[in-house]
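The structure displayed is predicted, hence computed values, not measured ones.
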Amino acid sequence: VTTLEQVKADRRALLQALGIADARNAGHHVCPWCSRELGKPKDSLSISETGSAWLFNCHRCGKGGSVVDAIAANEGLDAGAASRRALERFGNAPKTTAKTTAPARSAKVWPTVEALVEAAGRYLKATSTATWYYRDAAGQPIMAAARFDCEDGKQFRPLHPVAGGWSIGDPAGPLPLYNLDKLAARPDEPVWICEGEKAADAVTRAGGLSTTSSHGCKSAKNSDWQPLAGRDVILWPDADEAGAGYADDVQAILLKVGAKTIRRIDPARLELANGGDAADFLAAD
């Protein structure tokens, strides 16, 4: 991919720019901007191929356009800067020094994560059961993920710091890995990679050094795995088809970033129920 037109015609580029957690081949997806406003995310955004470009359209808030428009809305850039950023990220253009601006004025801001989670729980009529903080190497929070248990199942909301507090949505750029501060503090230890924060926390409680990526089993490619370059890693997949797919995706990425060694647990040998993970195994052990 070398031109802006080719980037706009790349469906994967649009999906990555939107930061969709459950990217399927077609159909409806979560709208990041509706999520920031605590709107209902289900069946609000669709993607389609029109002419020579892939476009998105939110049927609730009205946002839409190409990968350039998604980047512009996500990062507060004008059209020119967003076009250059699209070429940087998905083409072969040289890096620029374009800076992102503050979030759109329409995005709501809460002073603390706790206040935001409480407001989201009231809107969703759901119980907040966990909040996981993603920190940089120095220990500063750069993202959070909140889980809510609803009548129709569990839902997750990504949170990120902004001027004046916190807002719903992903931070700009590739998403961070979980426990970056612990990875930096223990550079010579092998790293266990699980699917999901709950499983990673279970490994941590057992004395291991663990990490995961955000947004579920289909979104490994949206995170920055470079911190694992040169590291010994052990993949611990969930005991189902989705878990195996996640481990496959992560293994391919780790080979590209240059992990030192990659080992992988076979969930079948752990005699876990379908969908069982590291947390289930360690709780039963």
So Arg231 and Leu209, do their side chains get closer than 4.5 Å, heavy atoms only? yes
Side chain of His160, backbone of Met143: donor and acceptor closer than 3.5 Å? no
For Val250 and Ala220, the nearest pair of non-hydrogen atoms, with its separation, is CG2-CB, 3.9 Å
Is there a side chain to side chain contact (heavy atoms under 4.5 Å, CB included) between Leu14 and Ser66? Walk through the geometry before answering. CA-CA 7 Å; Leu14 176 60; Ser66 70; over 6 Å; no
Between atom NE2 of His215 and atom CG of Asn222, what is the distance when rounded to the nearest 0.5 Å? 7.5 Å
Determine whether Ile234 and Ile265 satisfy the following criterion, side chain to side chain contact (heavy atoms under 4.5 Å, CB included), listing intermediate values before the conclusion. CA-CA 7 Å; Ile234 308 104; Ile265 286 180; 4.2 Å; yes
Could you check if a side-chain atom of Leu228 sits within less than 4.5 angstrom of a side-chain atom of Ile193, using non-hydrogen atoms only? yes
Please give me the minimum heavy-atom distance between Leu235 and Ala247, naming the atom from each residue. CD1-O, 3.8 Å
Listed once per pair and sorted, the salt bridge (charged side-chain N to carboxylate O under 4.0 Å, His left out) pairs that draw on residues 126-144, sequence neighbours left out: none
Closest non-hydrogen contact found for Pro176 with Pro171 is CD-CG, 4.4 Å
Would a 4.5 Å heavy-atom cut-off, applied to side chains only, mark Leu254 and Val233 as touching? yes
Is there side-chain contact between Val191 and Leu183, with at least one heavy-atom pair below 4.5 Å? yes
For Leu180 and Pro227, which heavy atoms make the closest approach, and how far apart are they? CD2-CG, 3.8 Å
Strictly by ring pair (Phe, Tyr, Trp, His ring centres under 6.0 Å), give each pair with a member in residues 228-278 just once, sequence neighbours left out. Trp192-Trp236, Trp236-Phe281
Are Lys8 and Glu5 ion-paired here, with the side-chain N under 4.0 Å from a carboxylate O? no
Taking only residues two or more places apart in sequence, or in another chain, which ones meet Ser210 in a side chain to side chain donor-acceptor pair (under 3.5 Å)? Thr204
Inter- and intrachain pairs under salt bridge (charged side-chain N to carboxylate O under 4.0 Å, His left out), touching residues 188-201, at least two apart: Arg186-Glu189, Lys198-Asp277
If the condition is salt bridge (charged side-chain N to carboxylate O under 4.0 Å, His left out), which residues does Arg205 pass it with, not counting sequence neighbours? none
Could you work out, with side chain to side chain contact (heavy atoms under 4.5 Å, CB included) as the rule, every residue matching Ser52, not counting sequence neighbours? none
When clusters are formed by joining ILVMFWY residues with side-chain heavy atoms under 4.5 Å apart, either directly or through shared neighbours, do Leu159 and Leu124 land in the same one? yes
Here the gap from Tyr178 atom OH to Trp132 atom CH2, rounded to the nearest 0.5 Å, amounts to 7.5 Å
From Leu116 atom CG to Ile168 atom CD1, the distance as rounded to the nearest 0.5 Å: 4.5 Å
Excluding sequence neighbours, so at least two apart, what forms side chain to side chain contact (heavy atoms under 4.5 Å, CB included) with Ala206? Leu282
Within the side chain of Ser167, is there an N or O that forms a donor-acceptor pair under 3.5 Å with the backbone of Lys108? yes
To the nearest 0.5 Å, what is the distance between CG (Leu175) and OG (Ser214)? 4.0 Å
Run Thr131 and Val113 through side chain to side chain contact (heavy atoms under 4.5 Å, CB included) and show every step you take. CA-CA 9 Å; Thr131 301; Val113 169; 3.9 Å; yes
In this structure, CZ of Phe148 is separated from CZ of Arg157 (nearest 0.5 Å) by 7.0 Å
Test item: side-chain donor near acceptor, Thr211 and Asn179, under 3.5 Å: no
Side chain to side chain contact (heavy atoms under 4.5 Å, CB included) with Thr129: which residues, sequence neighbours excluded? Thr127, Arg147, Asp149
Does a side-chain heavy-atom distance below 4.5 Å link Leu4 with Val68? yes
Tell me, which pairs form a salt bridge (charged side-chain N to carboxylate O under 4.0 Å, His left out) where one or both residues lie in residues 248-262, sequence neighbours left out? Asp248-Arg264
By side chain to side chain contact (heavy atoms under 4.5 Å, CB included), which residues pair with Ala115, not counting sequence neighbours? Trp110, Pro111, Thr112
For residues 119-131, the salt bridge (charged side-chain N to carboxylate O under 4.0 Å, His left out) pairs (sequence neighbours left out) are Glu118-Arg122
Could you report the tightest heavy-atom contact between Tyr134 and Ala145, atom names first, then the distance? CE1-CB, 4.4 Å
Taking atom OG of Ser83 and atom CD of Glu88, what is their separation to the nearest 0.5 Å? 11.0 Å
If I compare all heavy atoms of Ala13 with all of Val67, which pair ends up nearest, and what's the gap? O-CG2, 3.7 Å
